[in-house]
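First up is the structure itself, then whatever we jot down about it.
A, B, ... follow the sequence lines: proteins, then strands. Residue 1 opens every chain.
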Amino acid sequence: MPTPFQFELLHVDRHTGARRGRLHTPHGAIETPVYMPVGTQASVKAVSPDELNDLGAQIILANTYHLHLRPGEALVQEAGGLHGFMRWDKPILTDSGGFQVFSLAELRKIKEDGVHFQSHLDGSKRFLSPEVSIGVQEKLGADIIMQFDECTAWPCDEKTAEQAMQRTLRWLTRCLDAKTRDDQALFPIVQGAFFPELRSAHAKAVAHLDVPGFGIGGLSVGEPKDVMYAMLEQVCPALPEDKPRYLMGVGTPDCHIEGVIRGVDMFDCVLATRVARNGTLFTRNGRVVIKNAKYAHDFGPIEEGCDCYACRNFSRAYIRHLFKAEEILGLRLASLHNLRFLTRQMEDIRAAIEQDAMVDYMNEFYRTSARGTW
RNA sequence: GGAUGGGUUCCCGAGUGGCUAAAGGGAGCAGACUGUAAAUCUGCCGUCGACGACUUCGGUGGUUCGAAUCCACCCCCAUCCA
């Protein structure tokens with residue numbers, strides 16, 4: 001019986017170093033590399049837990065800040081935690097609210113003690129700190145919880161980056177001190193913006209800690225992809241091999257591949273579901289904007305050979321019609337397809353790593369959808 | 001037959017002498033979206049050899065330096081009265 005949150009490194013691709021692993025949690029094991037759908041408000045938008053299960057999702061995210069505001073962690077706890085509340089019995093990861101420090105920039109004020117927010121719902125003043133975030137996350141009851149961090153923007157000057165990094169480090173100590181449950185895994189988050197020295201320094205500063213895994217934050221916030229990849233090359237080698245690495249907020253299929261070959265094990269991203277709701281579909285040949293007139297008479301599936309519910313049953317022409325007519329089924333089908341696309345991508349990546357064939361997988365990927373397509 | 005109100009760019013609908021190729025909305029077309037304030041947001045939307053030119057506001061003729069806007073006649077639509 002594996003110890004809680006044990007990470008088994010099952011295989012490393014001989015040519016790229018891509019990792020095939022298994023992370024144990026109280027709600028089951030997660031095969032890595034993994035893509036984790038995002039359900040900010042305890043719901044992956046437009047998709048039911050059964051559907052997530054059917055398309056192969058292993059773990060989903062929820063958000064501390066949003067659930068703290070509504071319905072409040074006390075209610076979720078009363079419902080039996082997130083698992084009981086949203087009827088998802090596989091692993092859940094909650095983000096700490098750190099990203100909202102970044103994305104709700106106009107509505108917050110950062111201090112050493114914590115961050116004062118003005119609620120986007122009713123304008124009321126709210127406060128989030130390492131202690132508050134951990135307290136909320138313990139009530140929400142996810143399997144993996146994240147430290148409260150300070151995420152910086154692109155571009156970012158070095159002084160700001162270092163201050164945010166140092167603060168994130170100090171906040172980590174407070175998060176670890178505030179933590180009381182031992183059935184939840186707390187991941188530190190590596191910051192450092194786009195400065196290689198800061199990135200590796202931060203990674204080294206947390207690498208020795210007795211924590212079950214690591215988040216890599218502050219990336220894919222607008223910087224060129226090559227910059228992000230360069231940062232991963234600083235961070236991953238500095239982290240212990242026997243712990244999972246979670247690249248937060250990424251992303252696109254090509255970023256997943258580039259992340260995996262640099263040693264990333266876990267990814268999450270709203271892109272697939274957001275873009276789906278806006279009518280963009282992922283295919284092996286790149287994005288398909290289904291609303292475009294050229295699909296009006298296209299009676300083939302979104303993607304030939306795709307095993308998702310949408311592709312098995314409906315045509316591009318029909319889904320385009322649903323979007324034009326603003327029928328809710330359209331965005332549901334698109335969401336199901338994109339989520340299946342990414343979960344299948346990870347299934348394929350895992351299989352490729354096991355056979356030391358990650359290079360072949362990558363070459364085939366870039367053959368059908370050239371760099372820049374995404 | 002009479003009265004009244006109307007006919008505006010694909011549709012609806014502002015505009016009543018120059019600042020009007022003509023508000024606004026819809027439709028249409030295209031783009032964006034990476035730890036979700038997002039079923040959202042942005043752009044285009046008369047034509048062209050396009051920082052300029054040309055053609056448009058039911059039709060014809062007229063007034064005027066200048067008209068979708070004023071005048072005359074005609075055509076059509078709606079409602080009401082006979």
Side-chain angles (χ1 to χ4, degrees), chain A residues 35-47 59-67 69-70 93-108 117-123 126 133 137 142 144-154 168 187 189-191 214-225 227-228 245-256 258-259 264 266-282 287 289-296 320 322-335 338 342 374:
Chain A
Y35 163 72
M36 310 183 281
V38 182
T40 303
Q41 308 198 69
S43 169
V44 176
K45 294 184 191 297
V47 180
I59 167 174
I60 60 177
L61 262 68
N63 185 274
T64 298
Y65 174 78
H66 289 281
L67 293 173
L69 291 188
R70 182 174 61 192
L93 181 155
T94 44
D95 187 25
S96 62
F99 184 73
Q100 279 62 43
V101 176
F102 161 76
S103 67
L104 300 175
E106 309 94 76
L107 294 173
R108 52 74 169 154
F117 286 94
Q118 190 160 13
S119 163
H120 66 279
L121 296 175
D122 62 5
R126 301 307 179 108
S133 177
Q137 294 191 77
I144 300 171
I145 64 177
M146 302 304 295
Q147 83 152 104
F148 189 60
D149 66 328
E150 183 181 348
C151 180
T152 50
W154 163 270
T168 296
F187 282 23
I189 298 174
V190 175
Q191 290 290 346
F214 300 88
I216 303 167
L219 293 175
S220 71
V221 291
E223 78 281 10
K225 290 180 179 182
V227 173
M228 176 172 84
R245 300 123 182 207
Y246 161 32
L247 176 54
M248 307 180 74
V250 175
T252 57
D254 59 332
C255 287
H256 287 162
E258 299 295 337
V264 175
M266 304 163 71
F267 304 83
D268 81 282
C269 195
V270 305
L271 187 72
T273 44
R274 174 181 291 170
V275 127
R277 273 175 274 121
N278 295 328
T280 297
L281 304 162
F282 290 172
R287 299 189 189 195
V289 180
I290 200 65
K291 284 190 274 194
N292 285 178
K294 60 182 166 182
Y295 302 118
R320 172 180 136 90
L322 294 177
F323 268 95
K324 300 299 285 184
E326 296 183 69
E327 280 294 340
I328 200 165
L329 180 60
L331 78 216
R332 280 186 23 75
L333 294 175
S335 298
N338 281 357
L342 292 185
W374 297 95

Considering only B:rC29, B:rU34, B:rA39, which nucleotide approaches the side chain of A:Lys45 most closely? B:rA39

Among the nucleotides B:rU40, B:rG35, B:rU34, which one has an atom lying closest to any side-chain atom of A:Gln191? B:rG35

Does B:rU34 have OP1 or OP2 sitting under 4.0 Å from an N or O in the side chain of A:Ser220? no

Nearest heavy-atom approach of A:Val47 to A:Arg332 is CA-NH1, 4.3 Å

Closest to the side chain of A:Val250, out of B:rG31, B:rG35, B:rU34, is B:rU34

Atom-to-atom span, OH of A:Tyr295 to C1' of B:rA30 - whole angstrom: 13 Å

Return the pairing partner of B:rC33 with a 3.5 Å limit on both distances, Watson-Crick or G-U wobble; otherwise return none. none

Strictly below 4.0 Å: does A:Gln100 bring a side-chain N or O up to OP1 or OP2 of B:rU36? yes

Quick one: which of B:rC33, B:rU36, B:rU34 gets closest to the side chain of A:Val275? B:rC33

Contact under 4.0 Å: A:Asn278 side-chain N or O vs B:rA32 OP1/OP2: no

Taking only the side-chain nitrogens and oxygens of A:Arg126, find out if one of them lies under 4.0 Å from OP1 or OP2 of B:rA37. no

How is A:Leu247 classified with respect to the nucleic acid when contacts are heavy atoms under 4.0 Å: base, sugar-phosphate, or nothing? nothing

Has A:Asn292 got a side-chain N or O lying under 4.0 Å from the OP1 or OP2 atom of B:rA30? yes

Return the nearest nucleotide to the side chain of A:Lys324; candidates are B:rU34, B:rA30, B:rG28. B:rG28

Among the nucleotides B:rC33, B:rA30, B:rU36, whichever has the atom closest to the side chain of A:Ala293 is B:rA30

Distance check needed: B:rU34 P versus A:Asp95 CG, whole Å only. 15 Å

Checking A:Asn278 against A:Thr280: is there a side-chain donor and acceptor pair closer than 3.5 Å? no

If you check every side-chain atom of A:Arg274, which of B:rG31, B:rU34, B:rG35 has the closest atom? B:rU34

Counting side-chain heavy atoms from CB outward, which of B:rC33, B:rG35, B:rA37 is closest to A:Ser103? B:rA37

